[in-house]
Amino acid sequence: MLAPSAATLPQGHVLVEPYLFNVMSYGRFDMKGTWHAGSREHDIGSLSYILYGLTDRLSVGLIPRLLFNEPAGAPNSSSVGVGDLSLQAGYGLTRFQDGHRMPALALVIDETLPTGRYQRLGRASDGFGAGAYTTALSIYSQDYLWMPNGRILRVRLDLTYALSASAGVHDVSVYGTSSGFRGRAYPGDSFTADAAGEYSVTRNWVLALDVVYQHNDNTRVSGTLPSAAAAGLSDFRADSGSGYALGLAPAIEYNWNSRVGLLVGVRMFVAGRNATASVTPAVALNMVY
C-alpha cells in the first residue's frame with residue numbers, strides 16, 4: 001500500500017492512482033517510546049499519483065494533495081484545502097528478468113513545492129503544508145519470488161532520504177507559533193525505509209503488507225514574539241526533537257484486469273519515540289492507460 005513500484009512505465013503510458021485516507025491520531029509515543037493516550041483527531045485527505053512514461057526507462061509526474069483537518073478541542077478546517085505539490089522523476093536503472101538475481105532498481109527524485117497554506121492562519125487547522133521546498137532522493141527495488149505452490153510473491157524495498165529548506169513564518173502557523181510571531185522554521189531531514197510484499201492468492205486477488213520505518217530529525221523554530229517589555233519583542237525558540245515511528249500496513253487488492261485494480265488497507269504506527277500514534281484507513285484505485 002505504501003511502497004511504490006521500481007518498474008517505470010512504458011513510453012507513452014499513463015498511471016493514475018488516487019488515494020483517499022483518514023489519519024486518526026489517538027496518542028503519542030514519548031521520548032522513551034512509551035505510548036500515552038490522547039484526544040482523537042482526524043486528518044482527512046487525498047493524494048494522487050499521476051505519472052507518464054516519457055521513455056521506457058524515465059517516468060515523470062506529479063502528486064497533488066487535498067486535506068481537511070478535524071483537531072481535538074479546536075475548530076475544524078474552514079474548508080478543504082490544497083496541500084503541498086510534489087513533482088517526481090524516476091529512472092529505471094535495471095529491469096527484472098526471470099532467472100536473473102538482479103532485481104528491478106529505480107532512482108527517484110521528488111521535489112515538493114510549498115503550495116499549501118502554512119502561516120498567517122485564521123485557525124491552525126487551515127494549515128495544509130510545510131512552507132518549505134523539500135527534495136527527496138529514493139532508491140526503489142522490486143523482485144518476484146515463485147512460491148512452491150506456483151503463486152508469486154512480489155517484494156519491494158524502498159529507501160528515501162529527504163531534506164528541506166527553511167521557511168519564513170509569520171503569526172499562527174503549522175509550526176505551533178501564535179499571532180505576532182516573526183521568524184523562521186528549519187524542518188529536520190527525514191529517512192524512510194519501506195519493506196513490502198504482495199502475495200497473489202488468485203489471478204485477481206492479492207494480499208499485501210508494508211513494514212515501514214520513519215526517522216525525523218529535529219525541527220527548529222526561532223524568531224520573536226510581541227512582549228510587554230520595553231523592547232516590545234521577546235526571543236522565541238522551539239525544538240521538536242528527533243524521533244522515529246514503526247508502522248505496519250496490511251492491505252488487500254482486487255484487479256479486474258491488468259489495467260485497473262482497487263486497493264483497501266490500513267496503516268498503523270505501532271511503536272516509536274517522540275511520534276504520533278495513529279491508524280490510517282485508505283482506499284486507492286490504480287489505473288494504467
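Side-chain atoms are counted along with the backbone in the values below, which use heavy atoms only and exclude waters and symmetry mates. Since the model is a prediction, treat every value here as computed from it, not as a measurement.
Looking at every heavy atom in both residues, Arg156 comes nearest to Ser5 through NH2-CB, 3.3 Å. The two residues Pro187 and Thr219 have their closest heavy-atom pair at CA-OG1, 3.5 Å. Contact detail for Val201 and Leu207: the closest heavy-atom pair is CG2-CG, 3.6 Å. Ala249 and Met1 get closest at one heavy-atom pair: CB-CE, 3.9 Å.
Within the 3.5 Å criterion, the main-chain N or O of Glu198 finds no donor-acceptor partner in the side chain of Arg154. A side-chain donor-acceptor contact under 3.5 Å links Thr8 to the backbone of Asp56. Between the side chain of Ser179 and the backbone N or O of Asp171, no donor-acceptor pair lies under 3.5 Å. For Ser125 (side chain) and Ser77 (main-chain N/O), a donor-acceptor pair under 3.5 Å exists by modelled atom type. Asn216 contributes no side-chain N or O that, together with a main-chain N or O of Gly188, makes up a donor-acceptor pair within less than 3.5 Å. A distance-only check finds no donor-acceptor pair linking the side chain of Asp210 to the backbone of Leu248 [under 3.5 Å]. Remark: the backbone N or O of Asn255 is paired with a side-chain donor or acceptor of Asn204 at under 3.5 angstrom.
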Per-pair distances, 0.1 Å, donor-acceptor, side chain in residues 277-288, under 3.5 Å, sequence neighbours excluded:
from: Thr280; atom 1: OG1; to: Arg267; atom 2: NH2; distance (Å): 3.3

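For Phe181, the ring-ring contact (aromatic ring centres under 6.0 Å, His included) test picks out Phe236, with sequence neighbours left out. Scored by the ring-ring contact (aromatic ring centres under 6.0 Å, His included) test, Tyr254 finds Trp205, Trp256 as partners (sequence neighbours excluded).
Taking the six-membered ring where tryptophan is involved, the planes of Tyr49 and Tyr19 are perpendicular, since the angle between them exceeds 60° and thus also 30°.
Rounding to the nearest 0.5 Å gives a distance of 6.0 Å between CD1 of Ile109 and CG of Leu137. Between the OG atom of Ser59 and the CD atom of Gln88 there is a distance of 8.5 Å, given to the nearest 0.5 Å. Distance check: Arg220 CZ to Asp217 CG gives 13.0 Å after rounding to the nearest 0.5 Å. In this structure, Asn218 CG and Asp239 CG are separated by 4.5 Å, a value rounded to the nearest 0.5 Å. Taking OH from Tyr199 and CG from Leu209, the interatomic distance works out to 14.5 Å, rounded to the nearest 0.5 Å. Atom CG in Asp110 sits 9.5 Å away from atom OG1 in Thr135 (nearest 0.5 Å).
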When you look at Thr112 and Ser86, which way does the side chain to side chain donor-acceptor pair (under 3.5 Å) test go after all the steps?
CA-CA 4 Å; Thr112 298; Ser86 295; 2.8 Å; yes
Going through the checks in order, is the side chain to side chain contact (heavy atoms under 4.5 Å, CB included) test met by Tyr186 and Tyr175?
CA-CA 10 Å; Tyr186 303 85; Tyr175 294 99; over 6 Å; no
Passes side chain to side chain contact (heavy atoms under 4.5 Å, CB included), Ser78 versus Arg123? Steps please.
CA-CA 8 Å; Ser78 57; Arg123 56 182 74 176; 4.1 Å; yes
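In this structure, Arg28 does not pair ionically with Asp30, as no charged nitrogen and carboxylate oxygen lie closer than 4.0 Å.
Checked options Val172, Asp126, Val169; the residue passing with Tyr118 is Val169 (criterion: side chain to side chain contact (heavy atoms under 4.5 Å, CB included)).
Contact check for Leu225 versus Ser178: side-chain heavy atoms found under the 4.5 Å cut-off.
In this structure, Asn257 places its CG atom where more than 12 heavy-atom neighbours from other residues, nucleotides or ligands lie under 6.0 Å away.
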